[in-house]
**Q** 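Take this structure, written in structure tokens, and hold onto it; I'll ask about it next.
Values reported hereafter were calculated over all heavy atoms of this structure, with side chains retained and with hydrogens, waters and symmetry mates removed.
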Amino acid sequence: MSRFWSAIVADLSPYVPGEQPKRAGLVKLNTNENPYPPSPAVREAIRAELGEGAEMLRLYPDPQSSVLCATIAAREGLAPEQVFVGNGSDEVLAFAFQGLLAHPRPLRFPDVTYSFYPTWCRLYGIGFETVPLAEGFALRVDDYAGGGPVILPNPNAPTGRAISRADVARLAAANADWPVVIDEAYVEFGAESAAPLIASHPNLLVVRTLSKSHALAGLRVGYALGQPALVEALVRLKDSFNSYPLDRLAQAGAVAALRDEAWFAKSRDAVVASREQLVAGLASLGFEVLPSLANFVFARHPAHDGAALAQALRERAIVVRHFAKPRIDQWLRITVGTPQQCEALIVAAREIVGAGLNR
């Protein structure tokens with residue numbers, strides 16, 4: 001700790017992202033990246049934006065990301081003024097926490113969920129309450145009735161479990177006087193999006209990312225969908241913080257990715273098929289696997305310690321995510337990889353389980 005730090009820095013407990021290992025040859029299944037490349041149109045769009053001598057990089061990007069907002073709006077059946085874009089969904093969510101979720105009533109979210117939420121609450125001085133998930137880590141919408149701001153990931157992370165669009169509608173109606181944010185980072189892999197509810201729920205904000213669904217984690221593009229009044233709050237914050245959050249290449253690449261629906265559908269379907277392969281393989285080894293509609297699964301083995309399993313897999317060049325936290329310290333979050341990556345994990349897990357790595 002430095003004597004030059006402000007009090008807010010000294011008191012923070014920063015979010016810890018998933019490891020990005022430098023070791024070559026690892027099967028990397030720990031950060032929920034898409035195992036397939038983005039649309040080839042992304043590369044061409046970035047090349048076109050650069051030009052022959054990269055001369056366009058001397059110019060600032062469009063601060064409103066107008067073409068990207070219009071592209072997202074057309075895809076979702078919304079108006080451009082109902083779309084906000086930012087530097088990854090984490091930035092979009094950070095603006096939502098500061099601009100929409102900071103109220104006298106405490107913000108509510110699950111006790112097992114995206115661990116950035118309490119970090120933002122502490123950063124912005126937002127009071128919060130965690131709501132315990134039910135047995136099997138199921139989310140009960142009725143637990144969030146009663147009034148007050150709410151944020152829920154759907155599907156939830158790290159569990160992968162999802163709620164229906166009808167449940168989101170009940171949630172928004174039960175908290176009609178308060179903002180409700182639905183974090184849909186993984187929705188494209190099988191869950192129902194809440195975006196069609198925006199017209200009838202002025203308190204509802206839906207947040208998405210292109211990192212997973214469109215394999216653009218390296219470009220950092222996220223967006224929010226909502227009625228214009230909610231979007232305006234995010235724009236006002238952006239323009240008071242950083243008027244140019246998305247560079248020219250990110251905007252061009254994102255537009256190209258969103259326009260190539262055929263490539264997106266092919267990649268998504270491949271991930272879903274591999275998820276089924278992975279679940280079946282883990283179940284055959286005695287793992288308990290939660291029902292997932294994301295591009296990862298949450299699994300544990302009743303006879304084997306979670307941390308020890310993660311370490312044993314790493315020794316076999318396979319990296320998964322283990323959380324040393326209450327309720328979930330025996331579970332592993334495993335990204336859905338290619339069929340070959342999933343098979344490599346199953347082979348390694350079979351070897352470990354067979355070796356009797358008991359608790």
**Q** What I want to check is whether the side chains of R220 and T209 have a donor and an acceptor closer together than 3.5 Å.
**A**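 Note: R220 and T209 side chains miss the donor-acceptor criterion.
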**Q** Can you confirm whether or not the ring centre of Y186 sits under 6.0 Å from the ring centre of F296?
**A**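 Y186 vs F296: aromatic centres under 6.0 Å.
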**Q** So does D62 get a backbone contact from the side chain of Q251, meaning a donor-acceptor N/O pair under 3.5 Å?
**A**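 Present.
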**Q** For F109 and F128, take the angle between the two ring planes, folded into 0 to 90°, and tell me which bin it lands in: parallel under 30, tilted 30 to 60, perpendicular over 60.
**A**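 Judged by the thresholds at 30° and 60°, the geometry between F109 and F128 is parallel.
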**Q** Starting at CH2 of W331, measure out to CG of D329 and round the result to the nearest 0.5 Å.
**A**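 Output value for this atom pair is 11.5 Å.
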**Q** Applying the side-chain contact (heavy atoms from CB on, under 4.5 Å) criterion to F298, which one of V289, L332, I334, I328 satisfies it?
**A**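 For F298, the side-chain contact (heavy atoms from CB on, under 4.5 Å) check succeeds only for I328.
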**Q** Report yes if some heavy atom in the side chain of E33 is under 4.5 Å from a heavy atom in the side chain of S211; otherwise report no.
**A**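 Contact flag for E33/S211 side chains = no.
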**Q** Any sub-3.5 Å donor-acceptor pair from N175's side-chain atoms to W178's backbone N or O?
**A**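 Looks like no, no N/O pair under 3.5 Å.
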**Q** Are the side chain of N87 and the backbone of L246 linked by a donor-acceptor contact shorter than 3.5 Å?
**A**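 Looks like no, no N/O pair under 3.5 Å.
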**Q** Would you call the rings of Y15 and F116 parallel, tilted or perpendicular if under 30° counts as parallel and over 60° as perpendicular?
**A**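 Y15 and F116: parallel rings.
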**Q** Do R75's NZ or CZ and the ring of F264 fall within the cation-pi criteria of under 6.0 Å and 45°?
**A**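 Yes; both conditions hold, so R75 lies above the ring face of F264.
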**Q** Any side-chain donor-acceptor pair under 3.5 Å between T31 and K28?
**A**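 Short answer, yes.
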**Q** Identify whether V297 and V353 are in the same connected component of the hydrophobic contact network (ILVMFWY, side-chain heavy atoms under 4.5 Å).
**A**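 In one cluster: yes.
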**Q** So does W263 get a backbone contact from the side chain of S267, meaning a donor-acceptor N/O pair under 3.5 Å?
**A**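 Not confirmed, S267 side chain does not pair with W263 backbone.
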**Q** May I ask you to establish whether R108 and Y144 are in a cation-pi arrangement, using a distance under 6.0 Å from NZ or CZ to the six-membered ring centre and at most 45° from the ring axis?
**A**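 The answer is no; the distance or angle limit is not met.
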**Q** Is Q330 reaching over with its side chain to a backbone N or O of H301, donor-acceptor style, under 3.5 angstrom?
**A**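 No; judged by distance alone, with no hydrogens or angles, the pair does not exist.
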**Q** Y114 pairs by side chain to side chain donor-acceptor pair (under 3.5 Å) with which of D90, N156, D183?
**A**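 With Y114 as partner, side chain to side chain donor-acceptor pair (under 3.5 Å) holds for just one option, D90.
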**Q** In terms of side-chain geometry, is the basic nitrogen of R248 or E49 positioned less than 4.0 Å from the acidic oxygen of its partner?
**A**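 Salt bridge between R248 and E49, a charged N being under 4.0 Å from a carboxylate O: yes.
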**Q** Might you point out which heavy atoms bring L230 and N203 nearest each other, and give the distance in Å?
**A**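 Closest heavy-atom pair between L230 and N203: CD1-C, 3.8 Å.
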